[in-house]
Structures are given as structure tokens and as C-alpha cells.
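Just the heavy atoms: all of them, side chains too, but no hydrogens, waters or symmetry mates, feed the values below. First the proteins, then the strands, lettered A, B, ... as listed; each starts at 1.
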Amino acid sequence: MLALVVRTLRYRTGGFVATLVSVFVGTAVMLACGGLMETGIRTVIPPQRLAAAPIVVAGNQSYDLPTVGHGEDAYHETATLSERVRLDERLAGTISAVPGVAHVVPDVSFHAEVLGDSGGSSVPGTQAGHSWVSAELAPYRLTEGVAPIREGEVVLDSATAGRIGVHAGGKADLAVRGGVRSYQVTGIADAGRRMAADAVFFSPAEAAGLRSAAGQVDAFGVQLAPGADVNAVSAQIGAAVRDQRAVTLTGEARGSAEFAKAAGDGELLIILAAVFGGLAAQVAMFVVASTLTLSVQQRRREVAMLRAIGATPRQLSRMITGEAMIIGALGTALAIFPGVLLGDWLFGRLTGFGVIQPVLKFEQGFYPVVAAAIVGLSSAWGAAFVAARYAGRTRPVEAMRENAIPTHWLTPARLWLGVSSLIGAVALAYLTITVVDGPLAASTAGPAVTLVATAVALFAPGLTKLLVAVLRRPVRAFGGLPGYLASLNARARWMPMAGAVTPIMLATGLAIFMLYFQTTEVAVAEKQYTDSLLADAVVTSATGEVSPDLVAKVQQTPGVAGATAFVTSKGYNEKPSDATQDEDGVDLTGVTADGVARAWGGIVESGKLDALHGTTIALPSDLAQRLGVGVGAKIAMRLGDGSQVTLDVVATLRNTAASSGALMPADTLAPHTAAGAADRILVTAQPGTAEGDLLAALRSRVGDVDGVQVAGREALTKAFLAEVQANAWVNYLIVGLLLVYAAISMVNTLVMATADRRREFGLQRLIGSTRGQVMRMMAVEAGIVAAIGVFLGTLVAASMLVPFSAAVSDSLFPSGPLWIYLVILGLAVVLTVVATCAPTWFSLRTRPSPSTLAPE
Amino acid sequence: MYQQGDTVEVVRLLSVRKAYGKNGAQVLALDNVTAGFAAGTFTAVMGPSGSGKSTLLHCAAGLDKPTSGSVVLGGTDLSVMREVELTRLRRDRIGFVFQAFNLLPALDVEQNVTLPLRLAGRRPDPALVRRVIEQVGLGKRRRHRPAELSGGQQQRVAIARALVTHPEVIFADEPTGALDTRSAQEVLNLLREATSVSRQTIVMVTHDPVAASYADRVLFLADGRVVDELRQPNPEEVARRMTGLVARTEQRPQEGPWLSELTR
């Protein structure tokens, strides 16, 4: 039996190419996604600037939420604190006392921006300014000049120095806490490898003054005495600092001390990999099943003969499964190497586009390969199952007749599968509408559309028959003789035509859906953003902090209704506790009491906003209800850096789309953030003030302060959109893959269907048609197929797009440019016509003779 | 086995009816056909188009289930068998030669010939296989693929495949329909030899009077019924009776599937 299978494959290589390519592409993509998922699961963040210290002691960012429930049902969630938990600098003494420790290096980071530097690489949550003392932790070594000793001296890293064109001995303007100053560049340092974040080194004395929290450091780098055992010493250090909210890190774990915010990227990667890989697997199975079934259909006479001479359906099934598995194994084996490369490339694109931070280490081990291979082979097996059932059902007698075209297409299996697909699609559509949220929305919407497409594909023969009937009149009226013949063909051959329509429907439907889903999401996000934008203008400073004086100045500018400092963070309710609180905690916004009282009065439900001074808070009313507190109560909260505060509730706020979080005084909140200060001022204009006038007034008022920038709503929205577009890239990736598959399926189906009709063309030519007439007829047929396919594809896309738009925006139509739709239509038509006419042209090349009519 | 006179009948059809289509537009391909095929005989089944001769073959071979009536092959009643059993029957006890699409294009001659044996899970005896292939005159082309053979040679391979399992009966559906006269002659001689020398029972459907003359007996079908029989046929007599049949059917083009009782 195996010999028979192998010989069949060698003989009919052309027919199996499409199946092989489908398995190949699918396995490669799944392998790449497996690598991404493994990377996300492991979330290995190698240390960069702290690499040379074998042990790093940093703050413990992990926080246990208050326990919910009692006794056996009690549980608590664990969250990651959003701001940097800092350590007391006197801890250095405790750590040095541990045997085996050679010396301890404190590490601080603070805001330091090099003015005139156009494109530095930076990782969110990291700051560039450091004390020269910590340079040895990377290690950064001087390539030029000397270390900074006095105030006013800095050492730049080679990347920054290269960008602004400065050498040792030159000068650079830096914006640091307190203002913009000119610094003497005493040296250039290099770490010997590419670093994700820039570094600017100050003298130790100046660094102590510039850091945001006095007496505190971000981490300690521990150098060991020769011969000391890393694990033993680290265990001892851990014991020594046990009560200090500190963690002792070794090996690859040290990276989390440097890049605290990158840990969340791991989760995002897992989701992306699951969505993308899952979709690829789904589509691969679909396409492989259809190419394999088509190949079996082409061989129906052989199959009938085999059935006649005594091959049982099971034997046929084994033969077909054997074919599929050999192709599957071959495709999978070929895909391993490209799949690994693809994973690497994808990871590079994701970090390059800013979807994830470039600090994760890409891991692709053994498991993704095994998993992808299993899925690849399973899809081949599943496809064989479908094709073999078809072959087994072949009745020997029917299939041996000429032009055997089955007319009974609606088997119970088809009906059942089609209806259940539709039900599944409706369920997913409901989920999408109720849980629409950023990149996650694609994970339910994509499969929903695939299910609709599956249902339409299963009912395709009936739909094709119907649409062919509808198109008959127009085609005859406008098509001339080719149209007449084409419409007759279409009417007689509606079953094979349905097979050609399906991949076109799939391709256009998915493409239209994904692209317009994306554009609609962006448009809705933009509208939400602009609606929620409380400010008409924003004032920022390159020094990374806005002083109360600056806020006062802005407040007094003519045309300004209210100006408030603005800083965001997260906190957790401890007493009283909120049972529904999850690891995301409460959004906290630090504001200036005066400014918000004047400008945002409308959001107050009870209490007064101008009482927001000192340890006070204004809660959203639903949270206040859950906590059971009102104006005048005291609550205890844990802030983002781990410190606990007791706050007086001075107001409750209405729930609006704009503000779902709590308000606190900026001066109280800011010191507990990583940056240590508010970095912007939101300005609300007085009613009737034009934006242009407001911006001009602000610029003239505060523009002379070093490093201050004023931006209007448009600039803000543009910045927001740039961020949203980065996520769009993921959607385009998905669309690209789906289109590759659909194109494979489409071309394969059309080529094989046309090649099957060689004898028909020969006959036509013998009775007097010219080559041109046959070509024109086929072109019209291709046009009919394309028209039906595109129409059904649009229906499929609309079935999900319309409810989605209705749910997220107020119109039934998705927003997006029309040209996208027209381009998709055009491409579909062109591809169909080419894939139909090219094989026709090839089969018309030989002169027709009666022998071409002989059975093959 | 049923006995008719003192000869054993390998295949017997009893009041077989086969109808296609739904009520109203029903086409009656076989109308109460009763026929028997004796062991060691070569029977030709002839008739104009639409007479039901191919349908008769399909029902006799277990490829199609009659609407009513029964088919008995070598003592086994086909009408009570399930599809899998029928498949095994076809594999072990029946040989087939079709007009076209007889061979798997991917396999060579020898592999095509041994195909039924492999499907049965039996190991083919190389000496036997070689002998059968030489019997049909293709000993030198054992390793060639169908694409490298002429139409006549392909049909001979099909006959070799049919012979190799020593079936109880070989059914041939227009085996010479697509061949030129010389190839047709070779094929018919082979079939004749199989019956004369090896006592192989053969039932052949054909529309060619010359082909029918190779048989021991010709059955004439018209409108789904057996209407005539001729023993020791010669081409001229066969042609004369066929012409008579066609003329009679043409006289009544619109009328249903009945013919005046033509018994001889």
C-alpha cells in the first residue's frame, strides 16, 4: 500500500504542490508563533546595565492584594506595583557585611535629557541619568577623556555622543531636574555592545542631588570576593534584607531590576502568538482540506475504478491519508528552518515597531518545533479525513460516466456543520461587541469571520447556483457570444464553479473585514481620545518636571480657565478593601486643586475639588459606594511605590468616559512615582477662546523658560494615534498571512479546474471556435466567478463589520477609506482572470485533433 | 448453483428491475430481466443505446443495486450483501474490463495486474503473474506505464488483471469500443482463448456485431428487456437481428418501455 502511495505521489507531483505549500506555510508560521509564545512565557530579560554585578538587590515590586473571602474561600491576587520600589541607601552597609561580598555599588536613575538629540533609543520606564559610580556595573569603559568629578561635568555614552556629534572636551545642554544647563563633556564611555537605553553619567555628588528621592537608591550591584559562591552569598543577602521590601536577584532575573515595565510584554506576546498562530492553524487546515479534496475529485475515475475492482472505502481512505501524511511530513520538515528564521524576524519587527520592548530575549527552543510539527501533521491528517470520506462515498458506476457532476450537495453533515458554524460566529460576534478592547478584539473577531466564511463555504454550491441564475440575464445581455456560452457553462457547471468561488470569497471576505476592522478601531479610538481629552493644550518640560511656579504662571495666562499639573499612577485600596479590585488597581491622577476646581467642576458629584491639598483624595462615585465611604471618610491605600498612605476623601466624582479613576493632589502623588514629579500641565481654555490664541498666549507667557513646550489638541491626538497604529501592524500581519493562503487556494483551484476542461476546449475548437473566442468565453466565466466570490466575500465581511461598527460607533458603516475596498475587488478580479486564462491559454496552444478527444 | 439443463450457471438474474429518477420522471433501465450465464461460456449482451445493457452488467457484477429482483453469483445472493461484502466479492470473485480508465497511470503493467491481489492482502505469485502477462502478449513490457502503451495494449493489461485472480466470471463493458480493428481483434482473441482454453466465464457488453461473433451466445436487449437470443453467432446474422431490433424500436418512438413480445 505504501509503495502505491509513493508511486502515485511521484507521478502526480504537480497536483500536490498546493497542498505541500499550504502545509509548509502553515507550519512555518506556527513555528514562528511558537517561538514568540515561548519567549513570552519565559519572559527572560537579560540585564544590560547591571550585567557585570553577579548579584543585584532591588525593590520588591510584587504586592499581595488584601485577602477576599473568609476561611477556605479566602484568596488574594498578586499585582506588580506600577512605580519603582526604592531602597534605603544605608542598606549598602548591611549588604557589605555579608561574607563573600567584595563591595556594593548603589545604582540610581533620574531624568536627564540631552537637548538636540533627535533619536535616542529608550525603553519606557527607564531614565538616562546615572552616577558615574554605577558605570562599572555594565561595565561602561571610557573610550575618550576622563570620569566626571565636579559638578557640571558629564560622561556621555558613545551612541548619544555620536548622534549629537560631541567629543571629550566639548559641551552639551542637558535638561535635568531644576532646569536646562550646559555641561562639560569630560569623556565618552562605551559598554562594548548595543544597549537598549541611553546613559548619561554625572559626578557622584551631583547625581545625589539630581535624584528624585533623597536617601534612596533604585538598586544595589554586588561584586563578590574571589572564590565566593554566587548562590550561597545571594541566599545570605536575601536573609539579611528580608524585612526591607527587597529582592535578591541573580542570573537572568537581574534584568527585571533594570527594566521593570518590560515584564508585561511577555503576556502581550503570548496573546499575540496565540491569536496569530491559532488563526494560521485554522486557515491552514481549511486550505489543505480543500486542495486535497480537489486533488481527489480530479482523480474520480481512478477512484471509481479502484472501487469497482474491489478497494474498500477504508483502503481508499488509507491511501489518501498516506498521501496526505507524506506531504504533511515533507512540508513540515521543510518548514522547520524557515520557521525558526521567521520567528526571529517577527520578533525583530515587533520590537522595531514598538509593540514590545527590545529588552526581551528571543527564545525558540525545542517545544515550538515539536508543537508546530504536531499541528502540521494533524492538519494534514484532518484534511485527509475529509477527502477520504468524499472518496469513499464515490459510487463506482456514477463516477465512471462522462461529465459526472454531482447534484446532491447538501448532505446532513454539511447542513449540521454549516449551521453550527453560524451559531459559533454569532456567539463570537456577541463576545466581540461586549468585550471589545484593543488588540484583544482581533482575537474574537477574526475567528468569528472565519466561522461565517466556513458556513458560507459549506453552503457555497446552493448560493452559487442562485447567484448564477441572477447573473444570467445581465451576462447574456452584455456579454455577446462569449457571454452566452459562459452563462450556459455556469448554469451547467455550478458545482465546480462553487469550488472556485469559495477561496475568492474567503480571501476577499477576510481581507475586507480585517482592514476595515482596523480602520474602524483606530477611528473609534481617536474619537474616544479626543472626546475624553480634558485639555485644550498641554505644557511639557524637557527637564521632566513642572514646578508649582510654572503651573501658577500658566494659570494666570489670559484665556486659561484652569491649569493643572498632571501625573498618573496606580494604587490599591487596603482599608476599607474592595472585593472586586483586581491586579490593575485604581487609576490615580495627580492634579492641582485650584486648576481642576475651576475647569473640571462638572465632574463633581459631592464635595469640593479645591480641597485637594495634602493627603486627600477624590473618589469616583461607584468606587466610593463599593468601599462604603463618602466625603469626610478616611481610607488607607497602597501607592505605586509600595508606600502606604491614609487619605481623606474630599469629593466624589461622576462616572464619565473621561475619568474613571481617583484624583489626588499632584504634590502628594508625584513623589511616589518613578519620575518623582509631574511632567506636564493640562490647560483648559475659557469658553470662546480659539485654540490658536490660547497657544500663542501660552507660548508668550512661558516660552522663555528653558525646555518648555506647548502643544495643542491636534499634536496630542497625533501622538496618540502614532501609538495606536503600532498595534495596527499586528492586524496587517494577520491579513497578509490569510491573503497568502487564500491566494494559494484560489490559484490552485482555478488552475486545476481549468486544466480539467482541456477536452472541452479541444472539442470547441474542432467545431469551429477560434482560440480568441474560447479565451474570451473563459474570461467572462472568470468574471462571473470573481463577481460571485467578491459579492459573497463582501457579505461575509459585512456580517461582522456592521454589528461591530454599530456597537462601537454610532453608524452602521465601518469607517475607512473606500479605496481599500476597491483595491481588494480589483486584485481579486485580476487574480481570478489570470489564474483562469493562463491555463486555458496553455491548453489551447496545441492544434486540436480528434485524438485530443480520446479518453486520457 | 442453479442448474439449467445440465450446465451450471455462474450468474443468474431473476426478475431484475432497475429504475432511475423520482416518481413521474422515472426511467426504467431494466424491466423484469431474467437471464442466466452458464459456466465456461462467453456471452455477448447487445442492444441499441438505452437498451439497458450496461445497467444489466452493473447489476450482475454487484456495482449497482437493482430496484427489485435478485442477482445470484456462484450461489451467493447479491441483494442481501452490504457494500463492504460486495466490495470483497468484486475483488475476489469477479474480474472487470472497462472501455477506458482501466489502469492506474502511476503504476507499471506488473503492478496494475497485481492490484486486486494486493487489495486482497494476498502476495502475488511472481511466476503466475509473469505467465498471465505473457499470455496477453506483453511479456516484454512488464515495467512500462500505461502512458507508454497503446490503447489495445492497455486493454490487454486490463484483461491480464482480470484473469490473474481466477475469477468466477469476467465482466467486460465495451472492451473494444475505443480500439482500432487490429487491436480489437487481439483483445477479442484473448477473451476467446480464455474461455476455450481455461473455461473462463465471460460476459461482454458490446454494440459491435463483429465483437459479438466471438461469443458462444448473444443476448439482445431492447428497452430494458431481453428480446432475443442467438447461439453460435456470426456477424451477419447478429447485424441483421440488431437492425430488426432498431427498426422495431424506431417504429414506436414515443411509447413507453414495452415491446411486443418477441420470443423466439
Under 4.5 Å to a heavy atom of chain A? For B:Q111 that would be side chain
Heavy-atom closest pair (B:F98 atom, A:A308 atom, distance to 0.1 Å) is CZ-CB, 3.6 Å
CZ of B:R91 to CG of A:L306, rounded to nearest 0.5 Å, is 12.5 Å
Identify each donor-acceptor pair in which a side-chain atom of residues 72-88 of chain B lies under 3.5 Å from a protein atom, sequence neighbours left out, and give them as a table.
{"from": "B:T76", "atom 1": "OG1", "to": "B:L73", "atom 2": "O", "distance (Å)": "3.3"}
{"from": "B:T76", "atom 1": "OG1", "to": "B:R93", "atom 2": "NH1", "distance (Å)": "3.1"}
{"from": "B:T76", "atom 1": "OG1", "to": "B:R93", "atom 2": "NH2", "distance (Å)": "3.0"}
{"from": "B:D77", "atom 1": "OD1", "to": "B:S79", "atom 2": "N", "distance (Å)": "3.1"}
{"from": "B:D77", "atom 1": "OD1", "to": "B:S79", "atom 2": "OG", "distance (Å)": "2.7"}
{"from": "B:D77", "atom 1": "OD2", "to": "B:S79", "atom 2": "OG", "distance (Å)": "3.3"}
{"from": "B:E83", "atom 1": "OE2", "to": "A:R307", "atom 2": "NH2", "distance (Å)": "3.1"}
{"from": "B:E85", "atom 1": "OE1", "to": "B:R82", "atom 2": "N", "distance (Å)": "2.9"}
{"from": "B:T87", "atom 1": "OG1", "to": "B:E83", "atom 2": "O", "distance (Å)": "2.7"}

Worksheet item: Is any side-chain heavy atom of A:Q315 less than 4.5 Å from a side-chain heavy atom of B:L119?
Response: yes
Whatever's closer than 4.5 Å to a heavy atom in chain A on B:P146 counts as neither
task: Could you tell me whether the side chain of A:I309 reaches within less than 4.5 Å of the side chain of B:I94, counting heavy atoms only?
output: no
Nearest heavy-atom contact between A:M305 and B:L103 is CE-C, 3.9 Å
Applying a strict 4.5 Å limit to non-hydrogen atoms, the region of B:D92 in contact with chain A is neither
B:E110 meets the salt bridge (charged side-chain N to carboxylate O under 4.0 Å, His left out) criterion, sequence neighbours left out, with B:R142, B:R143
